[in-house]
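So that the names make sense, note that chain A is the first sequence line, chain B the second, and so on, each numbered from 1.
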2 protein chains.
Amino acid sequence: MFTPAYTEVMSDELPALPWDRPRGRTRPPRIPLTRDRIVEAAYVVLDREGYDRLSMRMVAAELGVAVSALYAHVSSKDELLELMYSRFFADMDLPDPDPERWREQLRDYARAALAKLRSHRDLARISMGSVPFKPEMLPHMDALLGVFRAAGLPDRVAGAAGDVLSTFVDGFALEEGMWQDRYRATDELTWQGMREALERYFAELPPERFPHLTALSRSMFGRSNDERFDLGVEIIIRGLASFAAEAAAAGETATGETGNDGTGSDEAGATERPAG
Amino acid sequence: MFTPAYTEVMSDELPALPWDRPRGRTRPPRIPLTRDRIVEAAYVVLDREGYDRLSMRMVAAELGVAVSALYAHVSSKDELLELMYSRFFADMDLPDPDPERWREQLRDYARAALAKLRSHRDLARISMGSVPFKPEMLPHMDALLGVFRAAGLPDRVAGAAGDVLSTFVDGFALEEGMWQDRYRATDELTWQGMREALERYFAELPPERFPHLTALSRSMFGRSNDERFDLGVEIIIRGLASFAAEAAAAGETATGETGNDGTGSDEAGATERPAG
DNA sequence: CAGCTACTCTGAACACTGTTCACCGATGAT
DNA sequence: ATCATCGGTGAACAGTGTTCAGAGTAGCTG
């Protein structure tokens, strides 16, 4: 290790030693560390190494900086993860409620959210692991509630609809990521090959013990993941449509608000078939 | 440290030294370590300390045993977590499909699963973090598929229905647990107090920016969690009912199977996901 | 009963992790 | 030119999952 005094005195007249760090103006002006740069580096590490190997030391190494330097800008790893998660909501555009197009809007929003979750490896795990509420998601919650109300959902149902939709999107992305981790670890199988292997596995189970699994193995794994996702979203949308139709009917017959809590413990008004 | 030879020779004639471990028959016969005992101890630690503090060393301490002893019965912490997760499916009873009662059966199953997830602290996190498929869940998947088919769902929809339902149940329990962790850490608030605080928080947001959130804060947090859960399940059930009714109608008019994939308006099947 | 093997369990170690803290060097201000 | 401030450093601490040579015990064999 050279002492600073030595390099300061000598390097004005002599060329810099090859193993010595460049100094003066030749050295890049040392970009200061910021939260943003840290978050960015964390995403690089996440994409390259995955969630399990994402550590403060790796982020610091990515920035060419000591670990402890991070703690001047970020109070803990948890906070860093939350900052990463907050970026999730940054550049997603929000629907503005249109009663005519609420189904399409929900479908589009769900697809956009899934695409965002897929855009970084293991991002779904960060999303699922974060505290269930961040101020950044307020505009999203509000916009979604707006769509639900535009669809004609009673308030109680609107309040619960967001849960169903968001847990499905998050859970779907999480499961998808786990399969990827899985086959990343075991073999160099492609995603398609994995699905085929699963289909074969289920098809070859003893049919007397698992009659439905064996019969449906093709239906479960034959189609693409996107189709499975769309189908799930469609199930939810139709469920919401049923409540909307019910509310509309009640609104026509009686002007006052009904006390129906929407859980429909009986199986009466069900099977409201949407036109979609 | 005394050498074993010393204690062996002397302790027959002399009383045992007070700091020496009792030997011979007075010592409890040393119950052998088994996978089951380890899993059981892990659950004790989980309930007392929570998922974040669940470590191999704590499990070992709970059993009064060295850490490395665990690795003779369990190959890794991941395997231990999977063993814990496997217990989840052990004593849940399965519905046997009844076309007349499929809604009730799904509702009961969802409630039972939620109750199971609630029965141990942070169990939902283990569930969500586990690999998406375990052989123990085969009977459950088959039984659920049976219910879906009994309901009259087309195969494609039945294959996706399980995803929607299970991600909702898991996600709901996970979120609930996170709120609990949250208020456990910050204050000695009760669960009810937490909900009230949240309701107030949303109600006091600027209404011009968040018109729907402020308007619906009561609807979202006023009711109990169980009601919110039931409502979510009901949304899914109605969505499935819609597909079932559609299939029934198609089956009456035309005998052949229709090619409808159930996703409704397409326009997006694209973005087949690459494996990476 | 003695001797042996087989097996469980121990204690120490390794390579990590998140986090803290006394210092050091370069910056901007007096 | 001196001082103070502050961002960044390196070492340390307590904790993690995991491995491994070796005790100690149990049960089987001669």
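- At whole-Å resolution of the value, CD in A/E79 and C1' in C/dT19 are 14 Å apart.
- Nucleotide C/dT8 holds its P atom 17 Å from the OH atom of B/Y71, rounded to whole Å.
- B/A72 comes within 4.0 angstrom of no nucleic acid atom, judged by non-hydrogen atoms across all strands.
- Summarising the geometry, the separation between CE on B/M58 and P on D/dG17 is reported as 10 Å, rounded to the nearest angstrom.
- The aromatic rings of A/F89 and A/H140 stand perpendicular to each other, their planes meeting at an angle above 60°, with 30° marking the opposite boundary.
- The existence of a salt bridge linking B/D91 and B/K116 is confirmed by a sub-4.0 Å separation between a basic side-chain nitrogen and an acidic carboxylate oxygen.
- Under the 30°/60° scheme for interplanar angles, the aromatic rings of B/F133 and A/F202 are found to stand perpendicular.
- As a whole-Å value, the separation of B/K77 NZ from D/dT18 P is 8 Å.
- With D/dT9, D/dT18, C/dT10 as the choices, the nucleotide that has an atom nearest any side-chain atom of B/V65 turns out to be C/dT10.
- In this structure, CG of B/L54 is placed 12 Å from C1' of D/dG17, rounded to the nearest angstrom.
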Using nucleotides 12-16 of chain C, report all nitrogen or oxygen pairs with the protein that are shorter than 3.5 Å.
{"from": "C/dA13", "atom 1": "N6", "to": "B/R57", "atom 2": "NH2", "distance (Å)": "3.4"}

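- With respect to B/D122 and B/R53, no salt bridge is recorded, no charged nitrogen being found less than 4.0 Å from a carboxylate O.
- The separation between A/L81 atom CG and C/dG18 atom P is 9 Å, rounded to whole Å.
- Taking the six-membered ring where the residue is Trp, B/H120 and B/Y43 present tilted rings, their angle falling between 30° and 60°.
- Put simply, B/H73 has no side-chain N or O that comes within less than 4.0 Å of OP1 or OP2 on C/dT8.
- D/dT16 atom P lies 21 Å from atom CZ of A/R53, rounded to whole Å.
- A salt bridge does not link B/D142 with A/R209: none of the charged nitrogens is closer than 4.0 Å to a carboxylate oxygen.
- Centroid-to-centroid, the aromatic rings of A/Y201 and A/F221 stay 6.0 Å apart or farther.
- Nearest-nucleotide positions on DNA chain D place A/A66 closer to the 5' end than the other of B/S76 and A/A66.
- In this entry the distance linking CE of B/M56 with P of C/dT10 reads 14 Å, nearest Å.
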